[in-house]
Peer 1: 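Sharing a structure below in structure tokens format, with a few things to ask.
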Amino acid sequence: MNSTGSQALLARLLAACLLALCCVAPAQAQEAVYSADSVKAAYLFHFAGYVEWQPQSLPGTLTIGIIGDRGVAAELRRILPGRSIGVRNLKVREMAAADDLSGVQILFVGQDDTASIPALAEKARKLHIVLVSDDAGLDRGSVINFVTADRRVRFEISLRAAEQAGIKISSRLLSAALRLKRSFFTPRSALAHLGDEAREKREEKREKVRSVLLS
Amino acid sequence: MRVNAATEDRRVATQVWRHRGGMARKCCVVALLGSTTCLAAAASREPIDMSIEELSGLTVTSVSRHAEPLSGAAASIFVITSEDIRRSGATSLPEVLRLAPNLEVARIDTGAYAITARGFNTIIANKLLVLIDGRVVYSELFGGVFWEAQDVILGDIERIEVISGPAAATWGVNAVNGVINVITRKAADSQGTLATVGAGNREAGVSLRQGFKLGDDGHMRLYGKVWSQEETTRENGVEAGDQWDRGQVGFRADWGRPASAFTLQGDAYDAASEERPGFAPVDVSGANLLARWSQARDDDSSLEVQAYYDKADRKDEFLLNEEAEIFDLQARHALPVGIHRVTWGGGYRKVRDKSDPGQFFAFVPSEQEFDLYNLFGQVEIRVTQDQNVTLGLRYEHNDYTGWETLPSIRAAYQLTPSQLLWAAVSRPVRSPARLDREIVFPSQPPYFLAGGPNFDAETATVYELGYRAQPTASLSYSVTAFQHRYDNLRSAQIVAGQIFIENGFEGDVTGLEGWGNLQVLPAWRLGWGGMVLHKDLHLKPGANDPTGGSNLGNDPDYQLMLRSSHNLTEKHELDFIIRHVEELPQPEVPAYTALDARIGWHVTPAMEVSLAVRNLLDEHHPEFANAVTRSEIERSAFLKVVVRQ
């Protein structure tokens with residue numbers, strides 16, 4: 001083969017390799033990269049399903065309050081319509097740290113308002129609200145805290161704070177947590193009547209509702 | 001089907017690009033956009049559609065704004081996170097430690113480093129306590145670390161806590177100037193595959209880790225690593241012959257839940273250097289096994305028991321030979337007492353240490369067996385909501401000086417939710433190492449230099465004042481002022497033509513250290529740090545050491561660093577570190593400024609490619625030791641591919 005011919009062959013081989021790489025890369029990129037806000041919003045939605053409040057008399061619609069994080073609030077507004085936890089719908093309410101917290105079941109405090117968590121924790125405890133903080137540690141009084149590290153958003157749970165707020169957390173959520181803070185109560189007391197059966201029933205209902213809404 | 005559509009789009013795009021013209025270019029852009037939206041449609045599953053477990057595994061884009069809770073610790077602690085390690089381009093543990101502004105890290109040659117905190121840096125630096133997952137890694141021969149023998153899979157380090165200042169009441173003798181605590185990930189946080197392949201002009205290596213579940217509540221990881229490093233060249237142009245080849249395997253297994261957890265971990269390694277003309281080849285090998293059981297109870301108390309066995313051998317005819325076996329048992333119990341907290345515990349350590357005579361040095365007797373005991377207690381008194389005082393006391397018994405007492409008082413005052421002021425007074429102790437009492441030179445009598453049979457423990461009284469603030473979510477900084485007042489520091493005493501090792505020096509080391517972080521933009525973070533040191537050592541009455549204390553350590557007046565971490569795009573990142581170290585006095589080593597850079601590319605969420613260049617600014621510079629025999633640390637580049645599944 002003459003030199004130009006072999007050059008052309010080489011060029012074609014190179015092009016084929018590059019194209020192959022392009023094919024392989026997008027094929028693997030099926031597992032895409034997400035925004036931290038969307039992951040946090042998804043977590044908040046799930047928390048509503050794995051937490052049991054006391055007293056049992058909850059309103060027909062669960063409210064997720066957001067303080068100081070417009071991104072997560074916007075994400076929740078986008079994804080909540082059409083989804084429910086069991087028979088209850090969810091809605092978002094953007095709030096300020098000084099607002100009245102009654103009527104809120106889950107309260108998420110963004111990183112900028114970390115300083116107001118101790119005061120909010122006081123109020124949240126009395127109203128049995130699940131206080132969720134963002135990269136703020138569990139020492140300020142939140143029940144759940146998001147931990148972002150190694151490009152992943154995970155969460156840790158303070159069982160003591162949950163107990164003080166009269167909230168019971170399902171074993172599934174505890175297992176998925178990155179860390180649990182200190183006092184770990186015996187399985188019976190912390191997970192009372194959130195047995196597998198009850199959880200499975202709730203999940204079944206959720207799946208049915210989701211499949212009906214998304215089909 | 002979607003993949004083929006993408007391929008088609010790209011073929012169209014390439015063909016169109018060949019015909020020049022604005023129109024063609026526009027078509028190309030449209031084609032590319034088309035293919036991207038095609039791919040976006042393919043990834044239509046959103047976080048809200050996933051389960052809680054799947055959410056934990058998703059990769060997110062933005063650099064978190066890192067609003068770290070203001071630590072309430074009454075100590076000067078710098079934490080090197082796993083992200084810091086990944087983005088630094090460092091390929092070994094000593095290189096990672098350069099990230100801590102409160103450490104002096106000087107590279108001597110390919111494998112040897114001089115590392116210390118707050119002064120007294122030498123190849124046998126002995127005032128730092130280094131632990132890897134609770135296992136102490138210093139040699140009883142000289143009370144310091146053989147850095148050539150310490151290796152971990154960097155990607156599996158969760159964090160490194162670098163505490164400068166005495167943490168002796170908590171950690172024990174040798175923690176006079178600081179503690180380095182390397183903490184690896186729990187097995188549950190290192191599941192799946194982590195493969196690293198890298199090569200550069202100075203080193204190359206492969207490491208592989210595989211993590212998997214063990215039954216219902218257990219996890220395990222296994223790893224293997226092979227690494228090869230090139231030799232350095234001396235300042236006088238001669239090749240140092242210090243190439244290193246190393247291999248290490250190990251595992252970690254964790255069972256149970258936080259209430260009751262059990263860990264078993266171990267490593268085995270073998271590494272050797274080449275001939276090293278003028279010195280001697282060095283061969284290190286060893287193995288260790290550690291078991292830890294911890295329990296957290298409903299009454300908010302916790303209990304931890306740890307035991308380990310460590311065997312470390314070193315063949316080094318020029319410097320120090322050693323065959324060491326250590327068995328260590330420690331227990332710790334923490335419990336609340338009202339609003340306060342009490343921690344207490346104790347431990348036992350058995351050391352069998354043998355050192356065969358080398359070319360120059362020997363130990364008399366060559367073999368020793370030690371029994372070391374320790375007992376400690378710590379009370380954390382919550383004085384008010386914002387103030388607490390911690391009283392600590394530790395008793396340690398060693399076979400040379402008997403019982404040593406290490407007290408400390410630490411106080412922390414939370415001025416405002418975002419400002420903490422702390423102060424501490426402590427009395428750390430460095431008990432004699434074998435070198436202080438039993439070393440002889442030459443290795444056969446008559447001896448010219450000998451360890452002092454009455455060598456006493458080195459002591460210090462340390463005063464520290466620190467301030468830590470986080471005025472906004474994006475800015476945080478901390479500053480610590482310290483004064484270490486030493487007594488009974490090692491000296492050479494000339495008696496009738498012979499030299500004995502005695503405690504003839506005393507003096508003060510005063511300084512300042514600080515660091516900070518600023519999240520300038522969501523995708524750009526800056527970090528800075530530095531340390532200023534002033535040493536004032538003098539002979540005690542009756543002492544006649546002629547060196548002026550230079551054998552105790554070769555330290556710069558100050559060192560500074562600046563770090564920039566930038567996410568160029570969602571998939572590309574750029575990091576810079578500029579570090580400046582002032583000149584070392586004795587032996588003289590010129591000041592240097594080094595620039596390290598790393599560019600990283602997340603090709604896919606599972607694969608990361610990076611190119612790290614170190615010492616960009618100069619071809620080579622020395623960092624330690626005298627001009628005749630020291631090595632030049634060269635500019636180096638390293639290309640690395642990391643695959644995570």
Side-chain angles (χ1 to χ4, degrees), chain A residues 15 19 22-43 45-47 50 75 79-80 83 111-112 114-115 118 134-140 148-155 160 172-176 178-186 189 210 214, chain B residues 2-4 6-7 10-11 14 35-36 38-40 42-43 45-53 55-70 72 81-83 86 158 189 257-260 296-300 302 416-418 472-473 570-571 602-607:
Chain A
L19 284 171
C22 293
C23 297
V24 168
Q28 284 180 339
Q30 295 275 326
E31 209 189 324
V33 176
Y34 305 92
S35 79
D37 285 345
S38 66
V39 175
K40 288 173 193 168
Y43 271 129
F45 168 74
H46 281 293
F47 291 163
Y50 291 123
E75 268 299 310
I79 60 177
L80 283 182
R83 289 174 207 272
Q111 285 177 13
D112 282 332
T114 294
D134 196 4
D135 255 336
L138 289 170
D139 291 323
R140 286 184 172 79
T148 304
D150 287 340
R151 288 157 60 91
R152 286 189 158 85
V153 179
R154 311 235 4 226
F155 59 95
R160 154 166 278 187
R172 185 158 166 194
L173 196 62
L174 293 175
S175 311
L178 177 66
R179 295 187 266 277
L180 299 176
K181 185 182 173 191
R182 281 203 197 148
S183 23
F184 189 98
F185 304 94
T186 58
S189 64
R210 213 184 278 163
L214 297 180
Chain B
R2 287 185 207 109
V3 171
N4 287 342
T7 319
R10 275 179 213 273
R11 280 215 196 94
T14 8
S35 64
T36 353
C38 197
L39 294 170
R45 251 186 113 216
E46 288 195 11
I48 188 66
D49 300 315
M50 305 188 196
S51 67
I52 282 262
E53 291 81 7
L55 289 177
S56 308
L58 294 185
T59 307
V60 295
T61 60
S62 50
V63 168
S64 89
R65 274 177 310 158
H66 225 66
E68 244 178 49
L70 192 69
T81 66
S82 53
E83 266 295 279
R86 184 182 70 80
E158 188 181 298
D189 292 330
R257 328 188 80 212
S260 181
R297 300 184 167 154
D298 345 353
D299 59 359
D300 211 16
S302 69
T416 74
S418 62
T472 75
E570 271 185 16
K571 296 196 174 188
H602 294 272
V603 181
T604 74
M607 180 160 97

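To find a chain, count down the sequence lines: A is the first, B the second, and so on, and within it residues start at 1.
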Peer 1: What part of Thr472(B) gets within 4.5 angstrom of chain A, counting heavy atoms only: side chain, backbone, both, or neither?
Peer 2: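 Neither; nothing under 4.5 Å.
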Peer 1: Where do Ser38(A) and Pro47(B) come nearest, in terms of heavy atoms and distance?
Peer 2: OG-CG, 3.4 Å
Peer 1: Are Val39(A) and Met50(B) packed together at the side-chain level, in the sense that at least one heavy-atom pair is separated by less than 4.5 angstrom?
Peer 2: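 No. Closest side-chain heavy atoms not under 4.5 Å.
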Peer 1: How many angstroms lie between CG in Leu55(B) and NE2 in His46(A), if you round to the nearest 0.5 Å?
Peer 2: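 Reported value, rounded in 0.5 Å steps: 5.0 Å.
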Peer 1: Output the distance between atom CG (Leu58(B)) and atom OH (Tyr43(A)), rounded to the nearest 0.5 Å.
Peer 2: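 Between atom CG of Leu58(B) and atom OH of Tyr43(A) there are 7.5 Å.
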Peer 1: CD1 of Ile52(B) to OH of Tyr50(A): how many Å apart, nearest 0.5 Å?
Peer 2: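 Going from CD1 on Ile52(B) over to OH on Tyr50(A), the span is 6.0 Å.
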Peer 1: Under 4.5 Å heavy-atom distance to chain B, tell me which part of Leu80(A) shows up: side chain, backbone, both or neither.
Peer 2: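 Contact with chain B: none, neither part.
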Peer 1: Got a salt bridge between Arg154(A) and Asp189(B), using NZ or NE/NH1/NH2 to carboxylate O under 4.0 Å?
Peer 2: yes
